[in-house]
Each structure stands twice: as C-alpha cells, then as structure tokens.
Asks: 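Encoded as structure tokens, here's the structure I'll be asking about.
If you're wondering where the values come from, they're calculated on a predicted model, not measured in any experiment.
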Amino acid sequence: MNKVFLYLIVSFATLFGSDLLQLKNGKITNKKNQPVFLKGVNTGNWLMLEMWMLNYAGKGIEDQHEFIETLEHRFGKEKAEKLMDIYRSHWMKESDFDIIKSFGMNTIRLPFDYKLLMDSDTKPFKLKSDAWEWLDLTIKIAKEKGLYVILDMHGAPGRQSGMDHSGRVGYNKLWSNKGFQDQTAWLWKQISNRYKNESTVAAYDLLNEPWGSSEKNLKKIVLKCYKEIRKNNDDHLVIFPGHTSGIDFYQNIKSVELNNVIYTMHFYPGFFGWGSATPFIHAEFLLEGLPNWVAKMEEFNSPLLIGEFNVVLKGAGGGEMMRRYYDFYESLHWPATMWSYKVLDANGGVGDGTWGMITNAKDISYVDLKTASYNEIRDWFISFGEMEISIDKDLKYWLTTKNKPAVLDELPPKPPSIIKPPHEDPLPMSWKVRDIGRPLKGGQKISENNWSFYGGGNDIWNTNDQFRYAYQKLNTDFSFSIKIDSLYNVHQYAKAGLMIRKSLNSNSAHGLINMFPSGNTEFGYRTNNGETMKAKSGPQIDLTDARLKMKKSGKIIEFFVLSSNDWQKLGELNVAKWGKSFYVGIATLSHDNSQLTKAQYSEIVLTN
C-alpha cells in the first residue's frame with residue numbers, strides 16, 4: 001500500500017490504561033467515575049465499502065472484494081492499493097470530523113475490513129508493513145477533536161455472513177474454518193497490543209452482524225477473541241454482538257470471567273422488521289419495543305450499544321424522531337451510533353430523506369470501474385472529497401437544539417392491519433396458489449381480469465423466501481405482463497411483481513421483477529438453489545400506470561419495467577440448467593409476517 005499518511009502515525013506507548021472507559025454499576029464511566037454517553041455515527045463506506053452507499057449498486061460490482069479485485073486485475077496490486085489510498089483519503093477528511101462534532105456527537109464507530117491489517121489469507125498471522133495506517137490516523141484526528149472511537153470489525157477473516165456489508169457476497173466461511181477463526185482472534189490480539197492503553201478508543205466491537213451461523217458458534221468465537229484481548233492486560237470495553245435472535249445465549253457464561261463487557265444490537269424499525277416506515281411504527285417501537293430491551297439489559301446489568309439505527313425518511317419522523325431515539329438511549333446510558341455519516345445519491349440532495357448526515361448536493365457522474373482509465377478512476381475517487389455536499393439540516397437541528405420533540409401521543413394513529421384474508425376465491429383454470437416458505441396464510445379475490453392478492457411473509461431475499469405466489473407450471477417460451485393498480489403500504493419493502501421459479505421450495509432459484517409501495521422497482525434473482533439473492537434497482541414508475549413484464553425466449557428470461565411509456569429492460573436470467581419445466585406467476589409480499597399486504601392487479605396477460 002502507498003504510505004500516504006505514514007508521517008501521521010503516532011506512538012501510544014506513553015498513555016495510561018487508567019484513562020480507559022469502564023463499566024460500573026451497569027453504566028459506562030470515565031476515570032472520574034462520571035457517566036459517559038457515547039453519542040455518535042458510523043463512518044460507513046470508508047474502510048469497508050458498500051456499493052449502495054457509493055451509489056454503485058446494480059452497476060456490475062457487488063461488493064468490496066470485487067471492487068478491489070477489479071482494480072488489481074486491471075492495474076496490478078501496487079496501483080490498485082494506491083487508488084484505494086486515494087479513495088480513503090478523500091471519502092473522509094479532517095473536516096468531516098468537525099462536521100460530525102457539529103451535530104453534537106462525541107463518538108465514531110469505525111467499520112473496518114480485516115484486510116486493512118493483513119495482506120492476504122495465504123499469509124495468515126502476518127500484518128502488513130503499514131497495517132495501522134488508517135486506524136492510527138482515525139484515532140489521531142479523533143483525539144485532536146475530542147471524539148471517542150469504537151473499533152468495529154465489519155469484515156472478518158472468512159467473512160461472518162454472506163452479505164455485502166461483510167465484504168464479499170455469498171462468502172461465509174468464518175464459522176466452518178478453524179484457520180479463519182484463529183486469524184480473527186489473532187487480529188484482535190494485535191489490535192489490543194496496539195491500542196490497549198489508548199483512551200480515545202472507547203471499545204472493541206468484535207464482529208459486525210455475525211449472522212452466518214448459530215448462536216453457539218458465535219459465542220464460541222466471541223469468547224475466543226475476548227480471551228486474547230484480556231491476556232494482554234487490556235481493560236477496554238469489549239462489545240459482544242447480538243444474533244438475529246438477540247443476546248440471551250450469552251447468559252450464564254461460566255467458562256471465563258467477564259469484565260467490562262457490553263452488548264450490541266442494530267434496530268431499523270420500518271425497514272427491517274416491526275412494520276412500515278411511519279411515525280406510528282417508530283412511536284410504537286419506542287413505547288412498546290424498546291422497553292423489553294430495557295428489562296433485558298437490567299438482567300445483564302449492562303448497557304446496550306445501539307450500533308446502527310436510522311429513521312431515514314422525513315415522512316417517518318426525520319430528525320425529530322432521531323432525537324427521540326438519542327434521548328431515550330441517553331436516559332438509559334446506552335451508547336448509540338447511527339448509520340451513517342456519508343451516503344451518495346444519484347440525484348443529490350437530502351430530499352425526502354437520506355441514510356447519511358451528509359450527501360452530495362448535485363447529481364454525480366458514473367464511472368465504470370471495468371472500463372475507465374486509471375486517471376478517470378483516480379479523479380472519481382478524488383471527487384468524493386471535493387464535491388459540494390448537502391447537510392441534513394433537519395437532523396442537525398434536532399440533535400443540537402435545546403427544544404424538546406413533541407410528545408409521542410400526538411402522532412397519527414396506526415393504519416389498520418390485515419391479519420386474515422377477507423377472500424379466498426378459487427383461481428381460474430390452470431392457475432394455482434401457494435404460500436411459499438410458510439408465511440401468514442394469504443388469500444385472493446378474483447374478478448375476471450382484476451385480481452387482488454393478500455400476501456404475508458418476511459422477505460424474498462437472502463437464501464430463502466416467504467411470500468404468496470399464484471403461478472402456472474410451464475415448459476415453453478412465454479410473455480407475461482401485468483398492471484399493478486395498488487400495493488398496500490404495510491412496509492417500505494413490501495413487494496408486488498412477476499416471478500419465475502425453478503421450484504416451489506423456499507430456497508429455489510428464481511427471477512423477480514417487482515414494485516415497492518413507493519413506486520421504486522427492482523430486478524432480483526437467485527441463480528442457483530440456496531444462493532444469496534442479488535438485485536438491481538430500477539426506475540421509480542408512475543403509480544397510476546405501473547406495469548411489469550417478463551419474456552422467455554430459449555434459455556433467457558428478460559425482465560422489463562414500463563418507464564416513460566417505454567419498456568426498460570432491467571436484467572436477464574439464464575435458465576439453461578433449470579430443467580424442462582418451471583413456475584411462472586405473481587408474487588405478493590408484505591415484508592412483515594405479522595400482517596398481510598394487499599396488491600391489486602389487472603390486465604394480466606400470459607401467452608405461451
């Protein structure tokens with residue numbers, strides 16, 4: 001790696017461990033025994049890339065692994081590393097730390113990839129010569145600005161899930177490979193050696209969203225890392241990550257004495273669970289959901305780090321709702337770091353909401369990493385630090401004002417939920433219907449060429465699906481088009497659309513063209529059974545004339561969206577290995593399996 005900032009690397013040997021934050025009586029305190037509320041933000045997409053944050057999702061590069069690999073294949077390893085140094089030095093600059101502090105924050109959760117420290121998996125237990133360049137730099141600037149840093153291993157050796165945010169889509173080998181497990185623990189030992197006396201480092205967040213295996217395997221690896229840190233006489237706070245099921249599996253650990261341990265969960269009501277993104281859902285989560293966690297953390301006698309959260313949408317409460325969350329967490333002495341600091345948008349501006357505290361003010365150019373020249377890519381990376389930015393002024397106001405948010409009982413009521421389908425009409429001849437993946441039982445109302453489906457399910461995503469599916473079994477070429485007249489907004493990610501599946505199993509290979517309640521569209525697919533699903537975003541379409549189409553010719557299925565009166569192709573799928581027959585139909589998903597959504601379809605035309 002090109003040593004751009006070596007002159008900034010500092011020595012921490014003269015600092016004293018007594019200045020470290022400690023856990024006392026269930027609260028995080030400083031050396032004067034004063035409670036410390038860690039209020040902050042994640043610096044996502046800096047030391048671990050996520051393509052959607054770069055406005056690069058659906059453009060042929062899936063994850064950081066492929067992003068860097070593409071640079072290496074085209075320009076060689078040395079030039080690729082130089083480009084990534086340029087990227088990192090411009091995505092976050094010293095002035096960005098000032099902006100973070102201007103929001104009333106005192107903490108940065110720093111997501112980083114383990115490959116910043118190690119050169120290659122083929123050279124395990126060996127640090128790069130400049131391994132500490134970026135962590136050292138962050139800590140140095142944070143110290144000067146009066147900010148704490150939580151070190152978050154966002155991507156671990158072998159990867160801890162098959163998700164893009166762990167660094168490599170579909171790669172989930174930490175749990176099955178002892179070498180990767182040993183590497184992970186060894187890396188935390190090296191991190192501890194480096195920073196064990198550094199008081200700017202608030203805590204070690206051992207693994208981000210480690211959902212690729214069982215609770216038992218997660219606890220095993222977490223304790224392995226914890227032991228290595230404590231062997232160094234390092235008294236930093238250590239953060240044990242929750243599983244999708246929670247943190248109960250950490251209770252009654254007797255194999256090792258736990259000191260200065262806190263726990264973490266990520267909460268995104270309205271996006272990933274709990275319902276649709278509305279003010280009521282956030283109010284309900286604050287008043288009914290979080291109190292369950294308060295009781296749980298009293299049992300653990302520990303605060304809960306809310307490592308990631310964000311309201312995002314102004315219509316769901318915006319900055320005022322974010323203030324309510326921060327105030328709630330502060331009242332409990334729980335640290336909280338929103339996701340995220342900086343997220344780019346194709347058109348620029350905060351608009352109706354953004355995942356970032358800042359975003360680009362104007363539209364941004366697209367650079368094809370696979371064909372652009374070295375200089376074009378370099379200039380693109382440099383532009384991230386020089387572009388005009390838009391600050392979310394609504395969020396900044398509410399996080400810094402002395403004015404209090406409105407009380408929650410003044411918020412609008414919850415929309416009615418559909419728990420049971422009001423109709424279960426039979427389908428026309430040759431059509432069948434099934435609830436794939438055992439979701440909440442759905443139904444349908446059929447009236448000539450106007451069909452309404454009531455569908456539940458948690459998602460059509462990752463490696464398994466759960467939704468209502470009306471289908472025909474075919475073995476020929478076909479053309480299938482449909483008009484979506486309405487989709488009940490029970491969740492931001494409710495889906496209505498056209499699908500082809502290899503089988504009716506929940507993990508089946510498939511292709512899907514769908515619409516969300518907002519009018520945004522998406523092409524998603526799973527090439528082989530059980531693989532992690534992939535997706536490409538499409539245009540936002542006119543809700544008064546929302547039309548989708550699939551077409552099979554030979555081995556290829558093409559997927560289309562009607563946009564500005566023209567059929568726009570979003571993608572295609574090769575089904576040569578699927579066998580002679582397949583299932584073609586209509587998919588309806590609520591994305592909240594506690595209730596059904598209602599999708600109304602018309603002009604249903606399937607020809608073969």
Side-chain angles (χ1 to χ4, degrees), residues 21 27-30 34-48 53 91-112 135 137-152 154 198-205 208 237 239 262 264-268 303-312 317-343 350 353-359 389-405:
L21 296 180
K27 299 177 183 178
I28 297 173
T29 63
N30 60 20
Q34 299 168 326
V36 175
F37 173 50
L38 299 174
K39 175 184 179 182
V41 66
N42 287 266
T43 52
N45 209 51
W46 184 22
L47 305 184
M48 168 64 88
M53 300 180 71
W91 184 262
M92 285 285 294
K93 305 174 93 171
E94 185 170 344
S95 57
D96 291 296
F97 289 72
D98 293 321
I99 294 174
I100 290 171
K101 195 164 184 181
S102 75
F103 274 70
M105 295 178 172
N106 64 3
T107 303
I108 288 171
R109 182 173 180 254
L110 181 66
F112 68 91
L135 300 190
L137 175 63
T138 304
I139 293 167
K140 177 184 183 297
I141 297 175
K143 180 188 288 291
E144 292 171 351
K145 306 296 182 182
L147 297 167
Y148 288 105
V149 176
I150 296 172
L151 296 179
D152 157 41
H154 223 69
E198 176 48 68
S199 59
T200 298
V201 175
Y204 303 139
D205 198 344
N208 179 72
L237 295 172
I239 301 168
I262 67 174
T264 186
M265 292 293 292
H266 299 170
F267 296 138
Y268 290 109
L304 182 70
L305 164 66
I306 313 302
E308 296 181 20
F309 69 106
N310 201 335
V311 173
V312 182
E320 186 176 13
M321 195 67 73
M322 286 294 285
R323 169 68 178 271
R324 291 189 182 98
Y325 279 115
Y326 273 115
D327 285 354
F328 184 84
Y329 299 142
E330 183 175 12
S331 72
L332 298 167
H333 302 281
W334 290 3
T337 52
M338 65 170 282
W339 189 274
S340 181
Y341 171 65
K342 181 177 181 178
V343 180
V350 173
T354 174
W355 281 88
M357 290 163 53
I358 71 168
T359 187
I389 64 169
S390 284
I391 291 177
D392 189 336
K393 294 180 180 179
D394 167 59
L395 178 64
K396 184 175 182 179
Y397 168 80
W398 280 109
L399 295 191
T400 56
T401 183
K402 294 182 180 179
N403 296 328
K404 298 292 184 181

Asks: Tell me whether K342 contacts the main-chain N or O of W91 through its side chain, where contact means a donor paired with an acceptor under 3.5 Å.
Replies: yes
Asks: Not counting sequence neighbours, which residues clear side-chain contact (heavy atoms from CB on, under 4.5 Å) with T359? List them please.
Replies: D345, V350, T354, S390
Asks: Among residues at least two apart in sequence or on other chains, which ones pass salt bridge (Lys or Arg N to Asp or Glu O under 4.0 Å) with K145?
Replies: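 Counting only residues at least two positions away or on another chain, K145 forms a salt bridge (Lys or Arg N to Asp or Glu O under 4.0 Å) with E94, D98.
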Asks: Say you draw a straight line from CD1 of I306 to CZ of F328; how long is it, rounded to the nearest 0.5 Å?
Replies: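 Between I306 CD1 and F328 CZ, I get 9.0 Å after rounding to 0.5 Å.
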Asks: Mind checking the CE-CE spacing from M322 to M357? Nearest 0.5 Å is all I need.
Replies: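 One finds 9.5 Å between CE of M322 and CE of M357.
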Asks: Using side-chain heavy atoms (C-beta onward) and a distance below 4.5 Å, is H154 in contact with L47?
Replies: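 No, too far: nothing below the 4.5 Å cut-off.
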Asks: Locate the shortest heavy-atom distance separating Y341 from I99; write the atom from each residue and the value.
Replies: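 Heavy-atom minimum between the residues: OH-CD1, 3.4 Å.
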Asks: Is any side-chain heavy atom of M338 less than 4.5 Å from a side-chain heavy atom of F309?
Replies: yes
Asks: Once side chain to side chain donor-acceptor pair (under 3.5 Å) is applied, what residue pairs with a partner in residues 325-339 remain, sequence neighbours excluded?
Replies: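 For residues 325-339, and leaving out neighbouring residues, the side chain to side chain donor-acceptor pair (under 3.5 Å) pairs sorted by first residue read H282-Y325, R323-D327.
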Asks: Would you compute the distance between atom CG of L147 and atom CD1 of I139 and round it to the nearest 0.5 angstrom?
Replies: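 Between atom CG of L147 and atom CD1 of I139 there are 12.5 Å.
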Asks: What distance separates E320 CD from L395 CG, expressed to the nearest 0.5 Å?
Replies: 12.0 Å
Asks: Please list, chain by chain and in numerical order, all residues satisfying salt bridge (Lys or Arg N to Asp or Glu O under 4.0 Å) with D96, sequence neighbours excluded.
Replies: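 With sequence neighbours excluded, D96 shows a salt bridge (Lys or Arg N to Asp or Glu O under 4.0 Å) to no residue whatsoever.
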Asks: Do L21 and N30 have side chains that approach each other closer than 4.5 Å (heavy atoms only, starting at C-beta)?
Replies: yes
Asks: Heavy-atom distance under 4.5 Å between the side chains of Y148 and V36, does that happen here?
Replies: yes
Asks: Could you pull out the closest heavy-atom pair between A336 and L305, with the gap in Å?
Replies: N-CD1, 4.2 Å
Asks: Identify, with sequence neighbours excluded, every residue that meets side-chain hydrogen bond (donor to acceptor under 3.5 Å, both in side chains) alongside D392.
Replies: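 For D392, the residues satisfying side-chain hydrogen bond (donor to acceptor under 3.5 Å, both in side chains) (neighbours in sequence not counted) are K314.
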Asks: I'd like to know if the side chain of D152 reaches the main chain of R109, judged simply by a donor and an acceptor atom lying under 3.5 Å from each other, with no hydrogens or angles considered.
Replies: no
Asks: Taking ring pair (Phe, Tyr, Trp, His ring centres under 6.0 Å) as the test, write out the residues that go with Y204, two or more places apart.
Replies: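 Counting only residues at least two positions away or on another chain, Y204 forms a ring pair (Phe, Tyr, Trp, His ring centres under 6.0 Å) with W188, H236.
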Asks: How many angstroms lie between atom CD of E144 and atom OG1 of T200, to the nearest 0.5 angstrom?
Replies: 10.0 Å
Asks: Side chain of N106, backbone of K39: donor and acceptor closer than 3.5 Å?
Replies: yes
Asks: Which atom pair, heavy atoms only, marks the closest approach of N310 to S340?
Replies: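 That would be ND2-N, 4.1 Å.
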Asks: State, yes or no, whether a side-chain contact exists between W46 and I108 at a heavy-atom distance under 4.5 Å.
Replies: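 Not in contact.
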Asks: For V311 and R324: C-alpha separation, side-chain torsions, deciding distance, then whether side chain to side chain contact (heavy atoms under 4.5 Å, CB included) applies.
Replies: CA-CA 11 Å; V311 173; R324 291 189 182 98; over 6 Å; no
Asks: Indicate the atoms forming the closest heavy-atom contact of I239 with A203, along with that distance.
Replies: CD1-CB, 3.7 Å
Asks: Can you see which heavy atom on I391 is nearest to which on F103, and at what distance?
Replies: CG2-CZ, 3.6 Å
Asks: Is there a donor-acceptor pair under 3.5 Å between the side chain of N42 and the backbone N or O of G44?
Replies: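 Here the side-chain-to-backbone pair does not exist.
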Asks: Roughly how far, to the nearest 0.5 Å, is CG of L38 from CD1 of I262?
Replies: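 Interatomic distance, I262 CD1 to L38 CG, rounded to 0.5 Å: 7.5 Å.
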Asks: Would you say the side chain of I28 lies within less than 4.5 Å of the side chain of P335, judging by non-hydrogen atoms?
Replies: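 The answer is yes, as the side chains (C-beta and beyond) meet within the 4.5 Å cut-off.
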Asks: With heavy-atom distances below 4.5 Å as the criterion, would you say the side chains of V312 and Y268 are in contact?
Replies: no
